[in-house]
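To keep things clear, I will list the structure first and then write my remarks on it.
We use all heavy atoms of the structure for the numbers below, so side chains are in, but hydrogens, waters and symmetry mates are not. Quantities reported herein were computed from a predicted structural model and do not represent experimental measurements.
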Amino acid sequence: MKHSLQLKLGQHLTLTPQLQQSIRLLQLSTLELNQELEQMLQDNPLLEREDEDEANHAATEAPAHTAEAEAQGSETPQLERAEAEPVTTLDDSDWNDYSAGGSDEDEDGDYAQGSVPGATLREHLLDQLIVSPLTARDRVLVATLIDDLDEAGFLTQPLEDITESLRSELEDLEHEEVETALKHLQNMDPTGVGARNLAECLTLQLRALPDDTPVRAAAMRLTTHYLELLAARDVGKLKKMLGIDDPTLRAARALILSLNPRPGSAFSAEQTHYVVPDVYVRKLKGMWIASLNADAMPKLRVNRVYADILARHRESGGSQLASQLQEARWLIKNVQQRFDTILRVSQAIVDRQKHFFEHGEVAMRPLVLREIADAVDLHESTISRVTTQKFMMTPRGLYELKYFFGSHVATDSGGACSSTAIRALIKQLIAAESGKKPLSDGQLADVLGQQGIVVARRTVAKYRESLQIPPANMRRVL
């Protein structure tokens, strides 16, 4: 209770080093916590990890560390090992729209195109350049263009600027030579590399297809001249401009969708970020119970050898070891307290969102930080720290704790509906709409109003955009 009061009034107190450490540990994700602990273990000889065999033996003898066990007053809580199902993240791979202005906002696709494992786009292109039959002068020009490509494979500098920058190095350089070098680059693998915009990138890929590819000519006219109209789904104008019928237009669009809007993405060296669930949620005897993830909890203890040496020679000094012993004890306590707090907050969230676990997003109720803070007797700022970058594995998937909080919207009955539930309803309505006549934001607001949820058109638009769903004109089926 004393520590809870300190956290509740922490902004008005002079924070002790121990309390500062406690607050900092709450801010860290599980992966960040383990990274910091590795450094602390190296710096402090009084601190060590428990042997895995000892930890497993202790876990088999102690009661499960769940919110239910804590409520029953367990004095030596341990972790119940939850059987976690593999987490699979599903991405919508459908490329919903094009922008003739660039390609930075397009999603990366899984396009291999013969990339060498571990090679960067620059290395892959330079390997091709080395074995090309070009002259030394042309190779210098192509290599310069390669250095100006971004991660997606697009040329970021105008050719005129590149020509001017090279004239100080190459005598009598003509702009036509740089244009020729660009054509050499655009003939390299991956197809579409060296394009100056999205339209050129798609056109290069279409041009590389066999001449007898169905609707290739129509698709090339679309990417070269009418990409913005295609993005706007202006079917009538597209058919008139191209002089084609509906089936041909649909086939040409499908061919364009099969292309790679980011040809260099297969060589991107982006680091994969892994998420470790801190809490598992399961239904036991009709109740939804939160339990800590045993694998997420560092198993720390004081090194008994150094502690015994310090105890025997306390009179002869050893002030540094004594300080490190105190730090080790603080850390062990604060790590345990961190996970205890995460468990308490998680169970409070589960208790208030049990309808979500039963019925899904549409049953999510409004929830704010203060409600959980009052329930667990902590300050709102502490709840904010606990719910940031902490994750809960549930039968419905993996969620950050912050996901369960949301503002409310009034209903006709005088109640309140969660913004998360409204987003879920909007997603359901759009999924069930007619592709020929998609629902506008105003129509969506009217349908929600018929269900008793009072929401403005602009609010519907904001929720739709947060779901990354395009407006009605962009959802129209060609």
Could you give the distance from [atom1] ([X]) to [atom2] ([Y]), rounded to the nearest 0.5 Å?
X: L46; Y: L331; atom1: CG; atom2: CG; value: 12.0 Å
X: F339; Y: K390; atom1: CZ; atom2: NZ; value: 9.5 Å
X: Q157; Y: L149; atom1: CD; atom2: CG; value: 11.0 Å
X: Y463; Y: I426; atom1: OH; atom2: CD1; value: 8.0 Å
X: N44; Y: E327; atom1: CG; atom2: CD; value: 6.0 Å
X: R352; Y: R365; atom1: CZ; atom2: CZ; value: 7.0 Å

More than 12 non-hydrogen atoms from neighbouring residues, nucleotides or ligands closer than 6.0 Å to [atom1] on [X], yes or no?
X: K402; atom1: NZ; answer: yes
X: R396; atom1: CZ; answer: yes
X: R475; atom1: CZ; answer: yes
X: H355; atom1: NE2; answer: no

The test is side-chain contact (heavy atoms from CB on, under 4.5 Å); show your working for N293 and M393 and say whether it passes. CA-CA 9 Å; N293 177 9; M393 175 63 77; over 6 Å; no
Between [X] and [Y], does any side-chain N to carboxylate O distance fall below 4.0 Å?
X: R344; Y: D340; value: no
X: R49; Y: E38; value: yes
X: K283; Y: E358; value: yes

Test your reading of the model: is there a side-chain donor-acceptor pair from [X] to the backbone of [Y], 3.5 Å cut-off?
X: Q128; Y: H124; result: yes
X: R464; Y: I469; result: yes
X: E380; Y: D374; result: no

Testing the 3.5 Å rule here: is there a donor-acceptor pair between the side chains of Q21 and N334? yes
Between the side chains of Y403 and Q353, does any donor sit under 3.5 Å from an acceptor? no
Mind running side-chain contact (heavy atoms from CB on, under 4.5 Å) on I349 and F405 for me, showing each step along the way? CA-CA 9 Å; I349 292 172; F405 295 85; 3.8 Å; yes
Which heavy atom in L121 sits nearest to a heavy atom in P190, and how many Å separate them? CD1-CD, 4.0 Å
Ring pair (Phe, Tyr, Trp, His ring centres under 6.0 Å) partner of Y399, chosen from F357, Y280, F356: F356
